[in-house]
Amino acid sequence: MHTLDVIDSHTAGEPTRVVIAGFPDLGGGNPAAQLQRFRRDFDHWRSAIVCEPRGSDTVVGALLLPPTEPDAAAGVIFFNNVGYLGMCGHGTIGLVRTLHAMGRLGPGQHRLQTPVGTVGVELHGDGRVSVDNVESYRLEAGVAVDVPGHGRVTGDIAWGGNWFFITARTPVPLLLRHQRELTAYTEAIGNALRAAGITGADGADIDHIEVNAPAADGSGVLANFVLCPGLAYDRSPCGTGTSAKMACLAADGKLAEGETWIQQGILGTCFEGRYLHGTRGILPRITGQAHITAKAQLCIDDADPFAWGIGATGEAAR
Ligand code: PYC
């Protein structure tokens, strides 16, 4: 029997499960090096932690690592039901709340190492968390793709710590009750991009599809629907997606440095964003709120046919 200590939280509705003890030794090194070993030798632990029967398609896992940089508070590797995330905004906010609940962080500024770079975070006195995300930029504007059943869809390709295709075109209002249609639509866009060979930089898969449209509540802000790899939609406004969107707005001259951007998600919860100019794009700061939902121990019993999780194909992952 293997056991893992975890702390669960949600950030604006999107769950994060931080693994704080019990994970096999990944041999040291920075999060990028440890991610390679995680992926190669321990991928079944990923599915055991976040997939059913212990988790769900929606859960983002965060493996807590000791820091390797002198000024970092911790390292982290984010993962989900199908693989690994370079960076995760909502997950970082959940991680900071978790480190606070563990007594490892107090209010103030801190640094966290991720596989795509070190990010700054700030825990505010009121419990909100700001993330100084990795530099974000628009790679290409106005990219058109033919999407079966939906015709030609035009959008921007942008990096916010993950690769995004961002479009303003939506077949239905961005309301939770339309999540099935929105999931099918954004999945079709992702498949069409792959079929057309449209990628992020260096041939990277565009694995997050974001639809932005005026919020249906009449608040005047933009709402989004973000489909993540693994076909779960982000319940939060998506920190990396908000960063990518702000990079596009900045490139279009529609959002100035230091101006506040309110991004609503599909549940109606909001992240607050602003940016400073970077070298290639923008340096985004995303602020949101997380809440602890559980402190638990996961049990992995080798005699259990689903010990290592029910994979995305519906079969035992190992
Ligand atoms: O908040 O960046 C984010 C995120 C990515 C995937 C799910 N949430």
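All values derive from a computational prediction rather than experimental measurement. Ligands are counted one by one from 1 in listed order, and the atoms in each one are counted from 1 as well. Scope of the values below: all heavy atoms of this structure, side chains included, with no hydrogens, waters or symmetry mates.
Near ligand 1, Glu14, Cys88, Gly89, His90, His208, Cys228, Asp234, Cys238, Gly239, Thr240 each place a heavy atom less than 4.0 angstrom from the ligand.
Paired with Asn162 under the rule side-chain hydrogen bond (donor to acceptor under 3.5 Å, both in side chains), one option of Asp205, Thr240, Asp207 passes, and it is Thr240. Each of Asn212, Asp217, Thr269 was compared with Gln264 under the side-chain hydrogen bond (donor to acceptor under 3.5 Å, both in side chains) criterion, and only Asp217 meets it. Leu65 pairs in a side-chain contact (heavy atoms from CB on, under 4.5 Å) with only one of the listed residues (Val19, Ile77, Val76, Asn30), which is Ile77.
In this structure, Arg40 is not positioned above the aromatic face of Phe42 in the sense of NZ or CZ being under 6.0 Å from the six-membered ring centre and within 45° of the axis.
Side-chain contact between Arg54 and Ile49: absent, with no pair of heavy atoms (C-beta onward) separated by less than 4.5 Å.
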Notebook entry, point to check: Passes side chain to side chain donor-acceptor pair (under 3.5 Å), Tyr275 versus Asn133? Steps please.
Noted result: CA-CA 10 Å; Tyr275 74 85; Asn133 194 13; over 6 Å; no
